Amino acid sequence: MNAKLHFHLVSHPHPLLRVIVLALLALAAYLVWTDTASGGEEESVVILSTDFELRRYTAQGLVEARPKETEIACRCLGNSLAEAVDAHPAVKVVPMPVLGDAEQAMVDEHVALLETIIESVRYMSKNPGHGATWITDMGPEFVTGGRYSMGDGLAFLRERTGADKALILTGWHLEPTAGRQALQFLLSQTMAAETGSLALVMADLQTGELVWFRSLGEIYDPLGYAILGKGREIDDAVVTNPAAAQAMLRDLLTSYAGSGGAS
């Protein structure tokens, strides 16, 4: 009797139990599929710096910093970049550890080097000219083989954090003052241009080699923007707005596909 009862329970499980089992099997299959589709584990990334400066161009021909607005922009871009990286399927953010003075100085030195490299790459990339927005996108085919490297001086961060890569954001936006616009129009009957650039660079922490670079640049006149709606990809309205900044950075990160390179 007991044997028959046991056989009956196994052969004809309760409907609720059957639903639970099927749900668990479906969940397990989904997890296996998503892990396979994403190529395995995510890379871990430390964000070394988010250095973006808002500037103005005066009637006297001087370029002035805007420290209060710049501070807001850097804070917004830092938070937005962390969110954008964590939303990327191939990478995740690892917090920076507490650093001593010497270690922080070393990080700052390498960030400065990366920014210099960025300026070199920007110089070599084609600028389509006035009234345009352009993307410079350089994946493994451009940066592999040690063509660009910050050296292995930050390998200690890999040991301290377990991170694979280092990421920095750098850029600026320059807008003319109302006085500059008036003077420009009086002298040449043209509008003074607004210009800007924002770049993301990923480097291998162990070797220091750059593995991915992407930047957004723009140059346009405010009148053209007002009439045609072109330009202003990275001005105050974007870099100090968390939603707009995160959308821009997510878009820039789409070409990074982890160790496999650019998609």
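What you see is a predicted model, and the numbers here were worked out from it, not measured in a lab.
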**Q** How many angstroms lie between CG in Asp236 and CZ in Arg66, if you round to the nearest 0.5 Å?
**A**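 If we round to the nearest 0.5 Å, Asp236:CG and Arg66:CZ are 4.0 Å apart.
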**Q** If you measure from CD1 on Ile47 to CG on Leu81, what distance do you get to the nearest 0.5 Å?
**A**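 If we round to the nearest 0.5 Å, Ile47:CD1 and Leu81:CG are 4.0 Å apart.
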**Q** Would you call Glu103 and Val107 a side-chain contact if the rule is heavy atoms closer than 4.5 Å?
**A**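 Counting from C-beta outward, Glu103 and Val107 never come under 4.5 Å.
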**Q** Between Thr58 and Glu64, is there a donor-acceptor pair closer than 3.5 Å when you use the side chain of the first and the backbone of the second?
**A**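 Pair absent, no side-chain N/O of Thr58 close to backbone of Glu64.
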**Q** State, with a plain yes or no, whether a side-chain heavy atom of Leu154 is found less than 4.5 Å away from one of Met106.
**A**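 Result yes, sub-4.5 Å side-chain heavy-atom pair found.
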**Q** Determine whether Pro97 and Leu157 make a side-chain contact, defined as any pair of heavy atoms from C-beta on separated by less than 4.5 Å.
**A**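 Result yes, sub-4.5 Å side-chain heavy-atom pair found.
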**Q** Using 0.5 Å steps for rounding, measure from the CG atom of Leu253 to the CZ atom of Arg214.
**A**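 Here the rounded value is 8.5 Å.
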**Q** Between Leu77 and Met248, is there a side-chain heavy-atom distance shorter than 4.5 Å?
**A**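 Side-chain contact under 4.5 Å: yes.
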**Q** Give a yes or no answer on whether the side chain of Arg160 reaches the backbone of Val98 with a donor-acceptor pair at less than 3.5 Å.
**A**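 Side chain of Arg160 to backbone of Val98, a donor-acceptor pair under 3.5 Å: yes, one is there.
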**Q** Which heavy atom in Gln206 sits nearest to a heavy atom in Ala155, and how many Å separate them?
**A**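 Smallest heavy-atom distance, with atoms named: O-CB, 4.1 Å.
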**Q** With a 4.5 Å heavy-atom cut-off, do Trp212 and Ser255 have their side chains touching?
**A**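 Yes - at least one pair of side-chain heavy atoms lies under 4.5 Å apart.
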**Q** Is a side-chain donor or acceptor of Asp152 paired with a backbone partner of Gly208 at a separation under 3.5 angstrom?
**A**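 Looks like no, no N/O pair under 3.5 Å.
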**Q** Between Leu48 and Ala166, what is the shortest heavy-atom contact and its length?
**A**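 Between these two residues, the closest heavy atoms are CD1-CB, 3.7 Å.
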**Q** If only atom types and distance count, is the side chain of His88 paired as donor or acceptor with the main-chain N or O of Ala84 below 3.5 Å?
**A**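 Looks like no, no N/O pair under 3.5 Å.
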**Q** Quick one: pull up CD in Glu209 and CE in Met150 and give me the separation to the nearest 0.5 Å.
**A**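 Between Glu209 CD and Met150 CE, I get 10.5 Å after rounding to 0.5 Å.
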**Q** Between Thr70 (side chain) and Leu54 (backbone), is there a donor-acceptor pair under 3.5 Å?
**A**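 The answer is yes, because a donor-acceptor pair under 3.5 Å joins these two groups.
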**Q** Could you please spell out the steps behind the side chain to side chain contact (heavy atoms under 4.5 Å, CB included) verdict for Met202 and Leu210?
**A** CA-CA 6 Å; Met202 193 86 72; Leu210 271 63; over 6 Å; no
**Q** Hydrophobic clustering (ILVMFWY, side-chain heavy atoms < 4.5 Å, transitive) - are Ile234 and Ile72 grouped together?
**A**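 Not linked; separate clusters.
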**Q** Is there a donor-acceptor pair under 3.5 Å between the side chain of His173 and the backbone N or O of Val239?
**A**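 No.
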**Q** Can you tell me how far CG of Leu174 sits from OG1 of Thr195, rounded to the nearest 0.5 angstrom?
**A**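 Rounded to the nearest 0.5 Å, the OG1-CG separation comes to 4.5 Å.
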**Q** Between atom CG of Leu114 and atom CZ of Phe213, what is the distance when rounded to the nearest 0.5 Å?
**A**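 These two atoms lie 10.5 Å from each other.
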**Q** Under 4.5 Å between any side-chain heavy atoms of Lys165 and Val91, yes or no?
**A**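 The answer is no; the side chains never approach within 4.5 Å.
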**Q** If the test is side chain to side chain contact (heavy atoms under 4.5 Å, CB included), which one of Leu216, Leu198, Thr50, Val238 qualifies with Leu249?
**A**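 Running side chain to side chain contact (heavy atoms under 4.5 Å, CB included) over Leu216, Leu198, Thr50, Val238 with Leu249 returns exactly one hit, Leu198.
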**Q** Is there a continuous path of hydrophobic side-chain contacts, each under 4.5 Å between heavy atoms, that joins Ile168 to Leu113?
**A**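 The answer is yes; both residues are in one hydrophobic cluster.
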**Q** Of all heavy-atom pairs between Ala199 and Ser215, which one has the smallest distance, and what is that distance?
**A**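 In this case the closest contact between Ala199 and Ser215 is CB-CB, 3.6 Å.
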**Q** Do Asp51 and Glu115 come within less than 4.5 Å of each other through their side chains, counting heavy atoms only?
**A**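 The answer is yes; the side chains approach within 4.5 Å.
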**Q** Quick one: are Ile117 and Val201 in side-chain contact, heavy atoms under 4.5 Å?
**A**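 Side-chain contact under 4.5 Å: no.
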**Q** If you look at every heavy atom in Ala245 and Ser80, which pair is closest and at what distance?
**A**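 Smallest heavy-atom distance, with atoms named: CB-OG, 3.6 Å.
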**Q** Evaluate Gln104 against Asp108 for side chain to side chain donor-acceptor pair (under 3.5 Å), listing each step before the verdict.
**A** CA-CA 6 Å; Gln104 186 60 59; Asp108 294 342; 3.0 Å; yes
**Q** Do Tyr256 and Val93 sit in one hydrophobic cluster, given that two such residues count as connected whenever their side-chain heavy atoms are within less than 4.5 Å of each other, even indirectly?
**A**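 In one cluster with Tyr256: Val93, yes.
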